[in-house]
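A short worksheet on the structure shown next.
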Amino acid sequence: MEVPILKQGEVLIATFQAALSDADLESLRRGLLQQVVRFRSRGVIVDVTAMDVMDSFASRTLREIAHMIRLRGAETVIVGIQPEVAFAMVQLGMTLEGVATALDLEEGLAYLMEKFKNID
Amino acid sequence: MAKREVTTKGSGTRDNQASELVLSEAPSELLRELVAHLRQNRTQLREEWVGRISEARLLTAMTKEEIFAEATSVYDSYVEALETETYEDLQNYARNLSERIIPRGVETHEVVGIVLLLRDVLARSLFAKYQTDFKKLNRILDAYEPAANRIANTVAVGFVQERERVIRQQQEAIRELSTPVLQVRERLLILPIIGVIDPQRARQLTEQLLRGIRTNRAKVVVIDITGVAAMDVTVANHLVQTVEASRLLGATVIVTGLSPEIAQTLVTIGVDLGKMNTVGDLQGGIEQAERLLGYKVMAVAEPR
Amino acid sequence: MSAGEIRVAIHVDQDIVLARQKARVLATELGFSAVDATFVATAVSELARNILAYAGDGEIILRAVQRSIRKGIEVVASDEGPGIPDIRQALRDGFSTSGSLGLGLPGVRRLMDEFEITSQIDQGTKVTVKKWRQ
């Protein structure tokens, strides 16, 4: 399943679909990293609005994505976690510790802009 | 003396041998006969039943006309269930009926009572009809009783289910009313928690808050637990979960009203309060929230 | 309205998605709230994932259940894999763990109302969980 990755200036936006298999998530992880390197992006927004279930693998993958992207000097924000999904995640003990989160795309962009300002 | 051969079914005495030859009519045939009898005598039996209902002082919340109308429907549904030997329509009817009468204050014992009274009234009429044919009466009762009991059960269960559904709805409404999520400023929500937090209420609280964060696009939430009746490990853990889940929606949580003593106790027990932003009181919490949101606090100018 | 049970064979990772989708559909059909349906789907995802990771293949069975007048959903996750050597260890963890190791069973238990597990070395594991409608 193809996950669309949009480029908006220095930010990449990846929109996850529902029903992503493990293999899809793996290839997405690789793909994102490639794009970050290619475009020298400063920030990545991963939009998971469409994901109706986030299990331990999905959570781990998001953390790994954020970690690898940080090694490239870029910042990741996860946006669009649904209330029910957030609730289920914390029951599982998945808190996405160390990864920035925001309500939606708009908030995610605002967060990154703020971050870039402080770095410059 | 030669034994008499009896070939006809029906009333009258027979000797043992002959009656053994007469196989029972199929139960459904008997039921058909029974149903026909109940239909034929509908008016009279229904009247008798309604009489018994008022004698037993049931359905006092309803008027005579209402009782009569409902009695007619119940009677007809009862007979139909006996006839078709299916109970789904009856179940639906029972729930329907319950939906109507529960708001009127009719109680479970009344509903069970009237159904049992109907069962008795009909049984008695069977005794009366077949009193000269004891064996037939027995067979008819064999067919009638399980069906009648099933009907009583179906109606009672339907009523209770509906009642429980109403109670749950009311409880939910009460819980929602008692935990308002307040938006006081843009992007700032306050959740004052008062009273006892059982696991169900805790879950409902978290749900409401998370939905509120999304709807109001809140960036900061102040949860005030001054009014929480009993702070123990379970409640504390629910709180931690709520804080974690809120963060996943991009909101920072400030917990106010957690006294240092209780905080200490919880930490000792092993509750991880480390990630929680705590401030002494609600006012202080709101001020901190405003600072986080970038509001400047200005003195109010005196009117001239 | 689904009758009987729904069986999902777990052989490849797409089956995890399939199992949790069917679980969500059944839970929703049974009248569970959005949150509860998500809890059930998440639990099924974790259980299916365990089967794949530790046994290679197995089965998820979804069933509507009833206890007196209460409706619920039952999930049975079974495999004929290596089994769990120390169940008590697998069920123990700090309340909010990163969950990067282990079977995530405490999490599944928190998501559901009832939890039962039987496991035998070299014979397999069976986890039965239930959630009841509020």
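Quantities reported herein were computed from a predicted structural model and do not represent experimental measurements. Letters A, B, ... are given to chains in the order of the sequence lines, protein chains preceding strands, and every chain is numbered from 1.
Of the two parts of C/R109, neither the backbone nor the side chain holds a non-hydrogen atom closer than 4.5 Å to a non-hydrogen atom of chain A. Contact of C/L111 with chain A is made through backbone and side chain together, with heavy-atom distances under 4.5 Å.
Within a 6.0 Å radius of CZ in A/R72, other residues, nucleotides and ligands contribute 12 heavy atoms or fewer. Within a 6.0 Å radius of CD in C/E74, other residues, nucleotides and ligands contribute more than 12 heavy atoms. Taking a 6.0 Å sphere around CD of A/Q8, one finds it holds 12 or fewer heavy atoms contributed by other residues, nucleotides or ligands. No more than 12 heavy atoms of other residues, nucleotides or ligands lie within 6.0 Å of NZ in C/K22, so this atom counts as exposed by the packing criterion.
Put simply, CD on A/Q91 and OG1 on C/T38 are 11.5 Å apart, with the number rounded to the nearest 0.5 Å.
The backbone N or O of A/S56 sits less than 3.5 Å from a side-chain atom of C/E46, completing a donor-acceptor pair. Side-chain atoms of C/D13 come within 3.5 Å of backbone atoms of A/D22 as a donor-acceptor pair (strictly under, hydrogens ignored).
Contacts from residues 48-55 of chain A to chain C, taken as heavy-atom pairs separated by less than 4.5 Å, involve A/D52, A/V53, A/M54, A/D55 in sequence order.
Nearest heavy-atom pair, C/T42 versus A/A88, reported as atom, atom and distance to 0.1 Å: OG1-CB, 3.6 Å. Across all non-hydrogen atoms, the minimal contact from C/R110 to A/G93 is NH2-N, 4.1 Å.
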